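Heads up: the structure comes next, in structure tokens.
Values in this document were obtained by computation on a predicted structure and should not be read as measured data.
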Number of protein chains: 2
Amino acid sequence: MTTATSSRELAHPAREEIRLESVLHALSDPMRMQVVRELAQAEGELSCSYFDLPVTKSTTTHHFRVLRESGVLQQVYRGTAKMNGLRRDDLAALFPGLLDSVLDAAAREERRLADG
Amino acid sequence: MTTATSSRELAHPAREEIRLESVLHALSDPMRMQVVRELAQAEGELSCSYFDLPVTKSTTTHHFRVLRESGVLQQVYRGTAKMNGLRRDDLAALFPGLLDSVLDAAAREERRLADG
DNA sequence: TGCCTCGTACGATACTCACCGTACTACGAG
DNA sequence: CTCGTAGTACGGTGAGTATCGTACGAGGCA
């Protein structure tokens, strides 16, 4: 039997409903930024449990919801797992170059702080 | 007599102290985003009172402080006025392209919502 | 059927933040 | 010196939020 996508539905903002303000707010949390960066590197979907965040499951759920409701992520259930993917196309259509420059900025800052 | 810069000093983060997280947080407020956008268009320094924000003076002071402490703005007293300038060079050095893509994103969103 | 895992829901807590009003300081102009 | 303007400091308020723990639901697997 094929692993069917569950019927449980999740509310996502449509492309036109995504707001820059909400996206920037979502990205201004280090926990959420880390999720977005790993997701960008992975170039595919990752389950919530893939991420090893230093917070409890409840808090993890909260952060993923913020990312989804701001339009940064799309989420879909697959069995018990919830798969997460970056909404690259929607973000690129609305805010060209934004996601890439934010990811680049995060990478540069990490390098800069590591080198001392 | 030349209008001398006052001796009153304001604390600014050094370039190396600027954090992406704080910058994104500063820009995730519509009031502050508006200030940054006007400042970017003006291509120079503007006093706090130049901005006609729909909040009281106290709140305006608060927002400018957030922008200064996050490293987005530099501020200097000139007489009774406090002049504000974007820290373009510092931001461009740390996060190349970030400021421009955020400004572009804000402009696009404004156009998009206006056209309906 | 029963168990395990993944993730949710809910309530509680502590903190941050956007906002206000009032009282105050700093500076320039008359 | 006096007055007006620009902005600050401070205290308070209500909303949001990052966090936790515990209890629960959904789905795969034995």
Side-chain angles (χ1 to χ4, degrees), chain A residues 1-12 19 21-36 39 45-70 72-85, chain B residues 1-12 19 21-36 39 45-70 72-85:
Chain A
M1 164 161 68
T2 52
T3 309
T5 294
S6 161
S7 60
R8 283 183 286 172
E9 290 296 332
L10 289 162
H12 289 77
R19 293 291 171 271
E21 177 186 333
S22 306
V23 170
L24 293 180
H25 172 251
L27 296 175
S28 72
D29 180 280
M31 221 65 91
R32 295 192 289 258
M33 176 65 86
Q34 185 183 331
V35 167
V36 170
L39 223 34
E45 293 191 327
L46 295 174
S47 71
C48 289
S49 58
Y50 170 88
F51 301 89
D52 192 27
L53 304 179
V55 291
T56 62
K57 279 196 300 176
S58 322
T59 306
T60 302
T61 295
H62 160 70
H63 285 306
F64 275 102
R65 183 173 48 233
V66 172
L67 286 169
R68 170 169 46 85
E69 292 180 347
S70 68
V72 176
L73 298 189
Q74 76 229 349
Q75 297 187 300
V76 62
Y77 285 106
R78 198 157 305 157
T80 59
K82 192 190 211 172
M83 304 306 292
N84 302 275
Chain B
M1 160 164 72
T2 53
T3 309
T5 293
S6 160
S7 60
R8 282 185 285 172
E9 290 296 331
L10 290 161
H12 288 78
R19 292 293 172 271
E21 177 187 332
S22 306
V23 170
L24 294 179
H25 172 250
L27 296 175
S28 72
D29 180 279
M31 220 64 91
R32 294 191 290 257
M33 177 64 86
Q34 185 182 331
V35 168
V36 170
L39 223 35
E45 293 191 328
L46 295 175
S47 71
C48 289
S49 57
Y50 169 88
F51 301 89
D52 191 28
L53 303 180
V55 291
T56 63
K57 278 197 302 176
S58 323
T59 305
T60 302
T61 296
H62 160 69
H63 285 307
F64 276 102
R65 183 172 49 234
V66 172
L67 286 168
R68 171 169 46 84
E69 292 181 348
S70 68
V72 176
L73 298 189
Q74 75 229 349
Q75 296 187 299
V76 62
Y77 284 106
R78 198 157 305 156
T80 59
K82 191 189 210 171
M83 305 305 291
N84 302 275

Check: Once you round it to whole Å, what is the distance between P of dT22(C) and NE2 of H62(B)?
Finding: 20 Å

Next item on the list: Grab the CG-P distance between L53(A) and dA18(D) for me, whole Å please.
Entry: 13 Å

Margin query: So V76(A) and E45(A), do their side chains get closer than 4.5 Å, heavy atoms only?
Written below: yes

Checklist line | Most 5' of P54(A) and N84(B) on DNA chain D, judged by nearest nucleotide | finding: N84(B)

Next item on the list: Measure the distance from CG on L46(B) to C1' on dG7(D) and round it to the nearest whole Å.
Entry: 16 Å

Note to self: Looking at dC20(C), I'd like to know if its phosphate oxygens (OP1 or OP2) sit under 4.0 Å from a side-chain N or O belonging to T59(B).
What the structure shows: yes

Next item on the list: Check whether any side-chain nitrogen or oxygen of R32(B) sits under 4.0 Å from OP1 or OP2 of dA18(C), and answer yes or no.
Entry: yes

Notebook entry, point to check: Quick one: does T59(A)'s side chain have a donor or acceptor within less than 3.5 Å of a partner on V55(A)'s backbone?
Noted result: no

Check: Looking at dG7(D), does its base get a donor-acceptor pair with the side chain of K82(B) below 3.5 Å?
Finding: no

Note to self: Categorize T61(B) for me: base, sugar-phosphate, or nothing, with a 4.0 angstrom heavy-atom threshold over every strand shown.
What the structure shows: base

Item checked: Gap between atom NE2 of H12(B) and atom CD of Q75(B) - 0.5 Å precision -> 5.5 Å

Check: What is the minimum heavy-atom distance between N84(B) and K82(B), and which atoms define it?
Finding: ND2-O, 3.3 Å

Item checked: Atom-pair distance (NZ on K57(B); P on dG21(C)), nearest Å -> 12 Å

Margin query: When you measure from the side-chain N and O atoms of R65(A) to the phosphate of dG7(C), is any distance below 4.0 Å, counting only OP1 and OP2?
Written below: no

Checklist line | d(NE2, H63(B); P, dC20(C)) in whole Å | finding: 8 Å

Notebook entry, point to check: Taking only N and O in the side chain of Y50(A), is any of them less than 4.0 Å away from OP1 or OP2 of dC6(C)?
Noted result: no

Item checked: Residue pairs involving residues 24-33 of chain A (criterion side-chain hydrogen bond (donor to acceptor under 3.5 Å, both in side chains); sequence neighbours excluded) -> R32(A)-H63(A)

Item checked: Atom-pair distance (OH on Y77(B); C1' on dC27(C)), nearest Å -> 11 Å

Next item on the list: Please determine, for the side chain of S58(B), which listed nucleotide (dC6(C), dA9(D), dC20(D)) has the closest atom?
Entry: dA9(D)

Check: Please give, in whole Å, the distance from dT17(D) P to L27(A) CG?
Finding: 15 Å

Check: Counting side-chain heavy atoms from C-beta on, which of dG7(C), dT19(D), dA6(D) comes nearest to A81(B)?
Finding: dA6(D)

Notebook entry, point to check: Taking the nucleotide of DNA chain D with the closest heavy atom to each, which residue, H25(A) or T56(A), is nearer the 5' end?
Noted result: H25(A)

Next item on the list: Grab the CG-P distance between L67(A) and dA18(D) for me, whole Å please.
Entry: 10 Å

Next item on the list: Report the nucleotide, chosen from dT19(D), dT5(C), dC17(C), that has the shortest atom-to-atom distance to any side-chain atom of T80(A).
Entry: dT5(C)

